[in-house]
Every structure is written in C-alpha cells, then in structure tokens.
Protein chains: 2
Amino acid sequence: MARAATTSDAFNAIAEPQRRDILVLLRTGERPVTDVAQVLGMSQSQASKHLRVLREVGLVRVRGAGKQRLYGLDARGLRPVHEWTGGFERFWNERFDRLDAYVQDLEQARQEE
Amino acid sequence: MARAATTSDAFNAIAEPQRRDILVLLRTGERPVTDVAQVLGMSQSQASKHLRVLREVGLVRVRGAGKQRLYGLDARGLRPVHEWTGGFERFWNERFDRLDAYVQDLEQARQEE
DNA sequence: TGATCATATTCCGATATAGGAAAACGTCAA
DNA sequence: TTGACGTTTTCCTATATCGGAATATGATCA
C-alpha cells in the first residue's frame, strides 16, 4: 500500500507547504489561478493542481467569473486539525517538565558515580 | 520530485492516521512497541516503523528499559500545527456566512427570473 | 466562426511511501 | 556461550505523489 492520497483528508492536503501557502494567501480574499501562481512563484499548472487537491478536500471553493475562476477559502476543514492538535495542548507544556526532570536526574546520577 | 518525506515535518508525519493514533495512545504514558502494536491492532514491524518516523520528527522519545524500549510523547512539535491552523479560526466561522449569503443570493436571483 | 485569454489536464520522470514477511540486531538470564 | 525475548531493519510490491513541458479544454468577444 502506498501513502494515502493527498485528497483523502485535510491532514494530507496540508502536508504540502505550497498548499499551506495557498491557503494563507486566500485569507486575503478570492483569487484567480494566475494570481496565486504569480504571487507564490509557482507555475500555472502547479497552482492549478494544488488548487484541485484543496478543492477535492473542500478547503477551497471555486466560482466562475467570466474567463476566470476565482478560488476562495473554505477553512472549515481545518478545524478538525486544529482540534486534534489542541488535544495535546497540555502535553507540550506540563508533560515535558517531567521529561526534563528525568533527564536531569540521569545526569545527576551520572555525576555521582 | 516526489512527495515530501514523512520525516520532513510534523505536518507530514501526522498525515498518517495510524501515527495519529499512536500519538493519542501515548498520551496515557510511555509504552513499549509491542503494546502499541497490540492496542492499535497493527504488526510489530509496522508499529516500529511508524514510531521511527515519529521519532525522526521529534514527536516521540525513546529510552531503553531492559529489553524493552519505552516510547514517550513529545508533543511540542504539534504546537506549530495547532498554531498554523489557528490562524484560520475566524475564517471557519465568519467568512462563511458571506459565502452562504452569496449562494442564497444566487438562488434567489434564479427564482426571480 | 475564429482568435485569444485563463485554466485544466495529460505525459513523463524520479522518488517515497505503507504494509507483509523474513531476517538481523540487542539485551538480559542461566 | 547459548537461548529467548523484544525490537529494528531489510526486501519486496503496488501506488501516489510533485514538478515541468506540452497539450487540451473553456469562455469571451469581435
């Protein structure tokens, strides 16, 4: 089995830095593909492909505006990610005091030998 | 170029559901590989491989305890993910009232034709 | 209809996975 | 040292990427 599809999930979709950049850019408002590509310094086809992935996961919405297609943010899919990581909030503080203490104990024990 | 390595980043590491399960499990305390494998219903070698990835990204720490190796959580690497997604917090509420409104406008316009 | 702009898709290559099976390694105890 | 246990590491296969280049599709306007 290979790695899960990037379109399987918001977790997979945002694993790619360029897609994260796109999402951040879209916070400023809707943009056509060309804009995204130019602002973020990627090729048009790359931008289009990344936007497709984001669309398939539902992080982005499109609407036609004349010749253009305007991509807009739909951040709701990021909420589960935020909440999942939030479940570790107390561990990245508290829990680590113990590990640090443990390491200090080790070093102290070593010195006392 | 292929997809970024799972070990490049916490974002990539947690794209895999089984690795997320492992992290959740480790919130209950340190565990040897066998435990992880058994509790989560995966093979020992799979558990070991996933733990390796998590270790390389720094989300997990190991310490030898006799024959066993105890894996413990180091959640600090999840903080950036939490904070990045947090940057979209107001968009998954507010911003969408507008889009919904936009869609309603469309439908209303259609009925008035 | 035909030209043109904006975007999407298809080919292609190189790479990196996840999982299963089997084999290698490390550590302890007798 | 030998054995047994716990864990990690190869091989292997199937699959899915990301990126560039080129091509195809779509929409608008004259």
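What you see is a predicted model, and the numbers here were worked out from it, not measured in a lab. Here is how names work: the chains are called A, B, and so on, in the same order as the sequence lines, proteins then strands, and each is numbered from 1.
Between E30(A) atom CD and dA6(C) atom P there is a gap of 18 Å when expressed in whole angstrom units. The distance from atom CE of M1(A) to atom P of dA21(C) is 14 Å, rounded to the nearest whole Å. Rounded to a whole Å, the CG atom of L70(B) is 15 Å from the P atom of dT27(C). Note: CD (Q44(B)) to P (dG20(C)) measures 13 Å, nearest angstrom.
The line from CG of N93(A) to CZ of R79(B) is 6.0 Å long, rounded to the nearest 0.5 Å. Distance CG/D9(A) to CD/E16(B): 10.0 Å, rounded to 0.5 Å. Summarising the geometry, atom CG belonging to L59(A) is positioned 11.0 Å from atom CD1 belonging to I22(A); distances are rounded to the nearest 0.5 Å. Here the straight-line distance linking atom CG of L70(B) with atom CG of D35(B) works out to 9.0 Å at 0.5 Å rounding.
The listed nucleotides are dA6(C), dT15(D), dT17(D); the one nearest the side chain of Q68(A) is dA6(C). Set against dG20(C), dT8(D), dT15(C), the side chain of R69(B) has dT8(D) as its closest nucleotide. Side-chain atoms of K67(A) lie closest to dC5(C) of the nucleotides dA16(D), dT8(D), dC5(C). Closest to the side chain of Q46(A), from the set dG20(D), dA8(C), dA6(C), is dG20(D). The side chain of S45(B) sits closest to dT9(D) out of dA18(C), dT9(D), dA8(C).
Among residue pairs with one or both ends in residues 37-49 of chain B, none qualify as side-chain hydrogen bond (donor to acceptor under 3.5 Å, both in side chains); sequence neighbours excluded.
Within the 4.5 Å cutoff, the side chain of T85(B) has no heavy atoms near those of the W84(A) side chain. With contacts defined as side-chain heavy-atom distances shorter than 4.5 Å, the pair R3(B)/T6(A) qualifies.
There is no path of hydrophobic side-chain contacts, each under 4.5 Å, that joins V62(A) to V57(A).
Neither OP1 nor OP2 of dA6(C) sits under 4.0 Å from any side-chain N or O of Y71(A).
A heavy atom lying under 4.0 Å from DNA chain D marks the following residues of residues 7-19 of chain A, by number: E16(A), Q18(A), R19(A). Using a 4.0 Å cut-off on heavy atoms, the residues of residues 47-55 of chain B that approach DNA chain C are K49(B), H50(B), listed by number.
Ring-plane geometry between W92(B) and H82(A) is classed as tilted, the angle between the planes lying from 30 to 60 degrees on a 0 to 90 degree scale.
Along DNA chain D, the nucleotide closest to G66(A) and the one closest to A2(A) are compared, and the more 5′ of them pairs with A2(A).
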